[in-house]
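Right, one structure below, let's go through it.
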Number of protein chains: 2
Amino acid sequence: MLEISTHALRYYEKEEIIKPERDAQGNRRYTDSHLKWLEFVKKLRETQMPIEQIKKYTQLFKEGAHTSIDRLNLLENHRRTIEIQIETLKTTEAMLDKKITSYKQHLSTVNLSS
Amino acid sequence: MLEISTHALRYYEKEEIIKPERDAQGNRRYTDSHLKWLEFVKKLRETQMPIEQIKKYTQLFKEGAHTSIDRLNLLENHRRTIEIQIETLKTTEAMLDKKITSYKQHLSTVNLSS
DNA sequence: AGTTGACTTAGAGTGAACTCTAAGTAATAC
DNA sequence: GTATTACTTAGAGTTCACTCTAAGTCAACT
């Protein structure tokens with residue numbers, strides 16, 4: 001569902017990013033709130049937030065309400081990195097569009113002459 | 001200027017992504033067209049194209065005009081990955097905005113009660 | 001003449017984020 | 001009762017993209 005491998009889940013657990021519950025057999029149980037958290041983590045990873053920072057956020061969360069400002073700052077910083085990424089992608093996309101157009105132009109010319 | 005380390009330049013050279021000229025002393029000379037190429041490579045890297053694919057593109061380029069279609073395909077594929085990346089970033093940004101707003105809300109409430 | 005600085009090389013090392021292995025346990029299926 | 005399946009663990013291995021090291025050469029300054 002979340003497309004996170006079991007191995008990756010173990011890794012996140014080792015890094016103290018997630019701590020699933022255990023059933024009577026000692027097997028991991030991911031509740032709805034675990035899944036929600038993982039979904040959030042996945043989004044952060046997909047947008048290039050390093051594990052180390054996700055770990056930091058998790059730790060702040062555990063420390064309680066008095067860390068809200070720090071968490072807000074962390075999220076605002078990440079928001080800025082997202083903005084930068086979007087800018088970079090758009091610039092490159094524009095460059096690619098130019099190249100793609102010129103390739104198409106070239107190819108149609110070749111076709112005409114053949 | 002390009003913010004690519006000499007070490008990275010050597011690495012790209014080893015991977016046959018760039019082949020600078022040499023002066024009488026055997027030292028590398030990057031001409032304007034080399035710099036242009038590196039700028040292009042940098043944009044591709046910044047938008048997550050793997051070295052392996054950049055290598056592929058470079059090779060096709062060397063092979064000549066008859067590889068235009070392949071190069072076009074490669075660039076169009078990358079364009080699609082860029083679109084996907086932008087989508088992911090925007091979705092996450094929206095999610096962050098929600099969180100950020102709710103953190104701010106929370107913090108202002110805390111301030112009022114103190 | 002000697003030292004400094006900028007380059008050269010091959011190859012080893014690094015950090016991030018998984019990814020896999022091997023050995024073990026425990027419930028279910030036949 | 002044995003086989004299969006699904007989990008468990010600690011820890012080793014992998015991949016990517018650099019990044020650095022060490023030893024050497026060469027021109028230029030003092």
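Any value given below was found using the heavy atoms of this structure, including those in side chains, with hydrogens, waters and symmetry copies removed. We name chains A, B, ... by the order of the sequence lines, and we start the count at 1 in each one. Predicted model, so just to flag it, every value in this text is computed and none were measured.
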Those residues that, when tested against B:F61, pass ring-ring contact (aromatic ring centres under 6.0 Å, His included) (two or more places apart): B:W37

With sequence neighbours excluded, what pairs up with B:N27 under the side chain to side chain donor-acceptor pair (under 3.5 Å) test? none

Could you list the donor-acceptor pairs under 3.5 angstrom formed between side-chain atoms of residues 41-50 of chain A and any protein atom two or more places apart in sequence or on another chain?
{"unit_1": "A:K42", "atom_1": "NZ", "unit_2": "A:L2", "atom_2": "O", "d": "2.9"}
{"unit_1": "A:R45", "atom_1": "NH1", "unit_2": "A:M49", "atom_2": "O", "d": "2.7"}
{"unit_1": "A:T47", "atom_1": "OG1", "unit_2": "A:K43", "atom_2": "O", "d": "2.9"}
{"unit_1": "A:T47", "atom_1": "OG1", "unit_2": "A:L44", "atom_2": "O", "d": "3.0"}
{"unit_1": "A:T47", "atom_1": "OG1", "unit_2": "A:H78", "atom_2": "NE2", "d": "2.8"}
{"unit_1": "A:Q48", "atom_1": "NE2", "unit_2": "A:E46", "atom_2": "O", "d": "3.3"}

Looking at residues at least two apart in the chain, or sitting in another chain, which of them share a side chain to side chain donor-acceptor pair (under 3.5 Å) with B:H34? B:T31

How long is the gap from CD on A:E87 to CD1 on A:I82, to the nearest 0.5 Å? 13.5 Å

Sequence neighbours excluded, which residues qualify as side chain to side chain contact (heavy atoms under 4.5 Å, CB included) partners of B:I69? A:L107, B:N73

Hey, any chance A:Y11 and A:L35 share a hydrophobic cluster, counting ILVMFWY side chains that come within less than 4.5 Å of each other, even indirectly? yes

With the criterion being N/O to N/O and under 3.5 Å, what pairs connect the protein with nucleotides 2-5 of chain D, and how long is each?
none

What residues form a side chain to side chain donor-acceptor pair (under 3.5 Å) with B:E76, not counting sequence neighbours? A:K104

B:I18 CD1 to D:dA17 P, in whole Å, measures 17 Å

Pick out the pairs of N or O atoms, protein on one side and nucleotides 2-5 of chain C on the other, that lie under 3.5 Å.
none

Sequence neighbours excluded, the answer for ring-ring contact (aromatic ring centres under 6.0 Å, His included) partners of B:Y103 is none

From B:T67 OG1 over to B:L72 CG, what is the distance, rounded to the nearest 0.5 angstrom? 11.0 Å

How long is the line joining OH of B:Y12 and P of D:dA17, in whole Å? 9 Å

Do A:R80 and A:Q85 have side chains that get closer than 4.5 Å, going by heavy atoms? no

In whole Å, I'd like the distance from the CD atom of B:E16 to the P atom of D:dA17. 16 Å

By the salt bridge (Lys or Arg N to Asp or Glu O under 4.0 Å) test, which pairs, at least two apart or in different chains, include something from residues 16-25 of chain B? B:E13-B:R22, B:D23-B:R29

Can you check the B:I17 CD1 to D:dC16 C1' distance for me, whole Å? 12 Å

Compare side-chain N and O positions of B:Y11 against OP1 and OP2 of D:dC16 and report whether any pair is under 4.0 Å apart. no

Nearest-Å distance for atom pair CD/P, residues A:E13 and D:dC7: 14 Å

So which protein N/O to nucleotides 20-26 of chain D N/O distances come out below 3.5 Å?
{"unit_1": "D:dC20", "atom_1": "N4", "unit_2": "B:H7", "atom_2": "ND1", "d": "3.4"}

Contact between A:L38 and A:I17 at the side-chain level, heavy atoms closer than 4.5 Å - yes or no? no

What distance do A:L75 atom CG and A:R71 atom CZ have between them, rounded to the nearest 0.5 Å? 9.0 Å

Choosing from D:dT8, D:dC18, C:dT19, which nucleotide comes nearest the side chain of A:R22? D:dT8

For atom NZ of A:K14 and atom P of C:dA17, their distance in whole Å: 13 Å

Rounded to whole Å, CD of A:E15 lies from C1' of D:dA10 at a distance of 15 Å

Expressed in angstrom and rounded to an integer, what is the separation of A:K56 atom NZ from C:dA16 atom P? 16 Å

Under a 4.0 Å heavy-atom cutoff, the residues of residues 27-55 of chain A touching DNA chain C are A:R45, A:P50, A:I51

